[in-house]
S.K.: 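Before we start, here is the structure in question, set down as structure tokens.
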Amino acid sequence: MSDLVRVRRALLSVSDKTDLVPFARGLSGLGVEIVSTGGTAAALTAAGIPVQPVEAVTGFPEMMDGRLKTLHPAVHGALLGRRDNADHVAAMNAHGIVPIDLVCVNLYPFERTVAKGDVSFDQAIEQIDIGGPSMVRSAAKNNDFVAVVTDPRQYDRVMGEMLGHEGATTLALRRELAAAAFRRTAEYDLAISAWMGGRADQGFPETLRLTYLLDQELRYGENPHQRAALYREPVIQGATIAGARVLHGKKLSYNNINDAAAALDLGRDLFDLLDGGPSAAIVKHTNPCGAARGNSMRDAFERAYAGDPLAAYGGILVLGGVADADTARAICEGERFFEVVVAERFEADAADALGQRWKNVRLLECGSLRGGARARVLRSIPGGLLLQDPDDALAQPRNWQHVAGPKPDQATTESAAILWTVCKHLKSNAVCIGRDGQLLGAGAGQMDRVAACRIAIEKAGPRLADQGGVPVAASDAFFPFPDGPQLLVEAGVRCIVHPGGSKRDEETVALCREHNVTCLLTGVRHFRH
């Protein structure tokens with residue numbers, strides 16, 4: 001068998017028509033007969049490229065709204081028949097099957113369709129390609145004789161090789177293309193399976209099957225001696241770091257990705273809580289060190305940064321909306337520095353300003369923060385996995401119990417909801433302090449809640465005595481004793497919000513009554529380990 005196979009006949013049927021016409025014109029210029037289908041044939045004909053419609057090959061018209069057009073022996077026999085097998089050749093001759101030496105197919109855009117999130121079941125089903133993957137697999141299986149092209153980015157390579165070999169392809173190229181083809185059909189089927197399996201809550205499965213695709217190998221893991229890689233879901237819906245568009249900056253590290261995911265999680269909660277109003281948050285080692293609402297995006301950023309400027313250096317910034325030029329100018333001021341900036345979208349001037357200020361800053365455009373289901377949370381442990389529903393419960397102040405102190409006004413209630421949301425994203429045991437919708441200090445990851453209170457108070461410092469808004473403290477779980485609340489009250493906190501549920505809740509309530517401090521019970525715990 002010769003390594004070179006001259007391409008005399010090609011079948012082109014593509015959904016993505018990027019660079020299709022130049023590629024087809026190059027094939028035609030090398031004397032290749034082109035067979036095509038539907039919209040692909042129409043595009044080539046309009047460009048003046050001779051095309052034989054597939055129905056002229058099969059003897060059947062396209063039917064069933066295009067579901068049936070290439071599933072025919074005249075097509076698959078032309079792809080699967082081995083040219084060095086006498087029986088195959090005889091069968092092809094007997095049935096008038098003419099070999100096809102190159103197939104160019106890219107599949108219906110199923111992943112892009114379902115990623116929109118608002119498509120109906122029927123719309124998604126119609127984007128499941130049947131004939132395309134079948135032709136791809138047939139051609140890839142018979143790569144000794146057939147070249148299979150599945151991506152417009154392969155066109156130049158294929159055409160360059162054909163021009164260099166008088167219209168032929170080499171076996172090495174055909175094998176390479178076949179491997180890429182099987183990867184593509186595998187990804188496609190996994191995306192469909194993931195979408196169908198995730199449409200209804202069927203509880204926890206008896207057997208957990210996970211399918212993630214390698215996105216990139218990372219420089220290293222949490223530490224330089226650890227290897228690491230990023231895998232992504234076959235179908236990504238909603239705003240995620242794995243699916244974000246990188247506009248600028250050097251390659252993301254393991255820690256960058258982990259921290260950015262934590263920041264985006266908080267950013268989405270603030271966005272939903274404030275119904276899309278301006279908000280910003282800064283995360284360091286997955287813990288919020290700054291968060292605030294604002295009258296504008298710039299104001300929200302400035303207030304978030306002011307919460308803890310020392311900790312903010314080298315952190316991850318998430319903006320609850322669009323990064324505009326005015327906000328970008330504020331971000332760039334003075335000695336400020338961020339490893340990653342995440343936003344729904346970056347205005348061109350904003351991206352330019354940030355990129356010019358820091359050569360390596362990563363700018364991640366994650367798309368709309370509004371709505372979208374959140375995936376179950378998976379964590380590995382030695383010998384097994386833990387799986388749980390996402391903690392997507394938002395603050396619901398209307399359901400909170402007011403058990404002590406003055407009834408909070410609307411501004412205090414809104415501020416308490418923001419602080420409670422921030423506390424949800426701190427590692428437990430966690431307590432945070434703020435006022436007027438701005439985080440001023442946080443104690444996170446402590447073995448006891450009293451230590452968390454002390455750290456939050458220390459971080460907030462004298463700013464708790466400033467004018468403007470009621471000082472609020474939030475705890476991710478109940479106070480087992482009143483010693484933590486005692487420290488908060490002595491520091492100037494005038495509103496404490498926590499889940500309640502301790503046997504000694506009444507001691508905390510009594511403390512608040514004694515000092516005329518508002519106490520709100522949420523009834524919802526937010527441990528984060």
Side-chain angles (χ1 to χ4, degrees), residues 266 273 281 287-293 303 307-308 395 397 400-409 411-446 448-502 504-505 507-528:
L266 171 56
L273 180 69
N287 279 302
C289 60
R293 66 184 174 191
R303 300 186 74 229
D308 193 341
W400 293 353
Q401 287 183 268
H402 172 220
V403 295
K407 181 179 180 180
D409 58 19
T412 302
T413 300
E414 290 178 356
S415 185
I418 291 172
L419 270 296
W420 174 239
T421 299
V422 172
C423 197
K424 166 186 170 181
H425 291 268
L426 290 163
K427 292 294 187 294
S428 189
N429 289 323
V431 172
C432 67
I433 297 173
R435 64 192 311 152
D436 193 23
Q438 178 188 23
L439 175 65
L440 296 177
Q446 299 306 303
D448 65 88
R449 207 159 292 278
V450 173
C453 290
R454 287 198 180 104
I455 295 170
I457 292 167
E458 180 183 349
K459 283 284 189 181
R463 293 175 298 173
L464 268 179
D466 292 346
Q467 297 298 313
V470 173
V472 176
S475 173
D476 66 336
F478 63 65
F479 290 99
F481 301 96
D483 45 3
Q486 179 74 46
L487 293 175
L488 296 172
V489 171
E490 290 174 356
V493 168
R494 305 307 301 164
C495 175
I496 296 176
V497 53
H498 68 104
S502 168
R504 293 184 171 85
D505 272 351
E507 295 180 26
T508 296
V509 171
L511 174 75
C512 290
R513 286 175 181 154
E514 178 185 353
H515 294 278
N516 201 31
V517 171
T518 300
C519 185
L520 303 171
L521 303 184
T522 68
V524 179
R525 189 185 76 183
H526 284 303
F527 274 165
R528 182 171 292 244

S.K.: Ser415: which residues meet the side-chain hydrogen bond (donor to acceptor under 3.5 Å, both in side chains) condition with it, sequence neighbours left out?
M.R.: none
S.K.: Distance check, rounded to the nearest 0.5 Å: His498 atom NE2 versus Asp476 atom CG?
M.R.: 12.0 Å
S.K.: Could you pull out all residues at least two apart from Glu507 that satisfy salt bridge (Lys or Arg N to Asp or Glu O under 4.0 Å)?
M.R.: Arg504
S.K.: What residues, two or more places apart in sequence or in another chain, satisfy side-chain hydrogen bond (donor to acceptor under 3.5 Å, both in side chains) together with Gln486?
M.R.: Glu490
S.K.: How long is the gap from OG on Ser475 to CD1 on Ile433, to the nearest 0.5 Å?
M.R.: 11.0 Å
S.K.: Distance-only check: which donor-acceptor pairs under 3.5 Å involve side-chain atoms of residues 451-465, not counting sequence neighbours?
M.R.:
| unit_1 | atom_1 | unit_2 | atom_2 | d |
| --- | --- | --- | --- | --- |
| Lys459 | NZ | Asp308 | OD2 | 3.0 |
| Arg463 | NE | Ala460 | O | 3.2 |
| Arg463 | NH1 | Ala306 | O | 2.6 |
| Arg463 | NH1 | Gly307 | O | 3.1 |
| Arg463 | NH2 | Gly307 | O | 2.8 |
| Arg463 | NH2 | Leu440 | O | 2.7 |
| Arg463 | NH2 | Lys459 | O | 3.0 |

S.K.: With His425, which residues qualify under ring-ring contact (aromatic ring centres under 6.0 Å, His included), at least two apart?
M.R.: none
S.K.: Please report the closest heavy-atom contact between Pro288 and Ala442, naming both atoms and the distance.
M.R.: O-CB, 4.2 Å
S.K.: Rounded to the nearest 0.5 Å, what's the gap from NE2 on His402 to OG1 on Thr413? Could you check?
M.R.: 9.0 Å
S.K.: So which heavy atom on Leu419 is nearest to which on Cys432, and how close?
M.R.: O-SG, 3.3 Å
S.K.: Might you point out which heavy atoms bring Val497 and Ala416 nearest each other, and give the distance in Å?
M.R.: CG1-O, 4.3 Å
S.K.: For residues 454-477, pull every pair meeting ring-ring contact (aromatic ring centres under 6.0 Å, His included), keeping only residues two or more places apart or in separate chains.
M.R.: none
S.K.: Could you name each residue pair satisfying salt bridge (Lys or Arg N to Asp or Glu O under 4.0 Å) that touches residues 418-442, not counting sequence neighbours?
M.R.: Asp269-Lys424, Arg293-Asp436, Arg303-Asp436
S.K.: My understanding is that only residues two or more places apart in sequence, or in another chain, count here; which of them pass ring-ring contact (aromatic ring centres under 6.0 Å, His included) with Phe481?
M.R.: none
S.K.: Decide yes or no on side-chain contact (heavy atoms from CB on, under 4.5 Å) for Val472 and Ile418, but give the supporting numbers first.
M.R.: CA-CA 10 Å; Val472 176; Ile418 291 172; over 6 Å; no
S.K.: Of all the heavy-atom pairs spanning Leu439 and Cys289, show the shortest one and how long it is.
M.R.: CD2-C, 3.8 Å
S.K.: Using the side-chain contact (heavy atoms from CB on, under 4.5 Å) criterion, which residues pair with Ala444? Sequence neighbours excluded.
M.R.: Asn287, Leu426
S.K.: Does the plane of the ring in Trp400 sit parallel, tilted or perpendicular to the ring in Trp420? Use 30° and 60° as the thresholds.
M.R.: perpendicular
S.K.: Identify, with sequence neighbours excluded, every residue that meets side-chain hydrogen bond (donor to acceptor under 3.5 Å, both in side chains) alongside Asp466.
M.R.: none
S.K.: Not counting sequence neighbours, which residues clear side-chain contact (heavy atoms from CB on, under 4.5 Å) with Ala281? List them please.
M.R.: Leu266, Leu270, Ala291, Val318
S.K.: Would you be so kind as to tabulate the donor-acceptor pairs closer than 3.5 Å made by side chains of residues 516-525, with sequence neighbours excluded?
M.R.:
| unit_1 | atom_1 | unit_2 | atom_2 | d |
| --- | --- | --- | --- | --- |
| Thr518 | OG1 | Pro406 | O | 2.6 |
| Thr522 | OG1 | Val524 | N | 3.2 |
| Thr522 | OG1 | Val524 | O | 3.1 |

S.K.: Do any N or O atoms from the side chain of Arg513 and from the backbone of Gly405 form a donor-acceptor pair under 3.5 angstrom?
M.R.: no
S.K.: Less than 4.5 Å apart, any side-chain heavy atom of Leu511 and any of Phe479?
M.R.: no
S.K.: At their closest point, which heavy atom of Ala477 faces which heavy atom of Phe527, and how far apart are they?
M.R.: CB-CE2, 3.5 Å
S.K.: Any luck finding a side-chain donor-acceptor pair between Thr508 and Asp505 under 3.5 Å?
M.R.: no
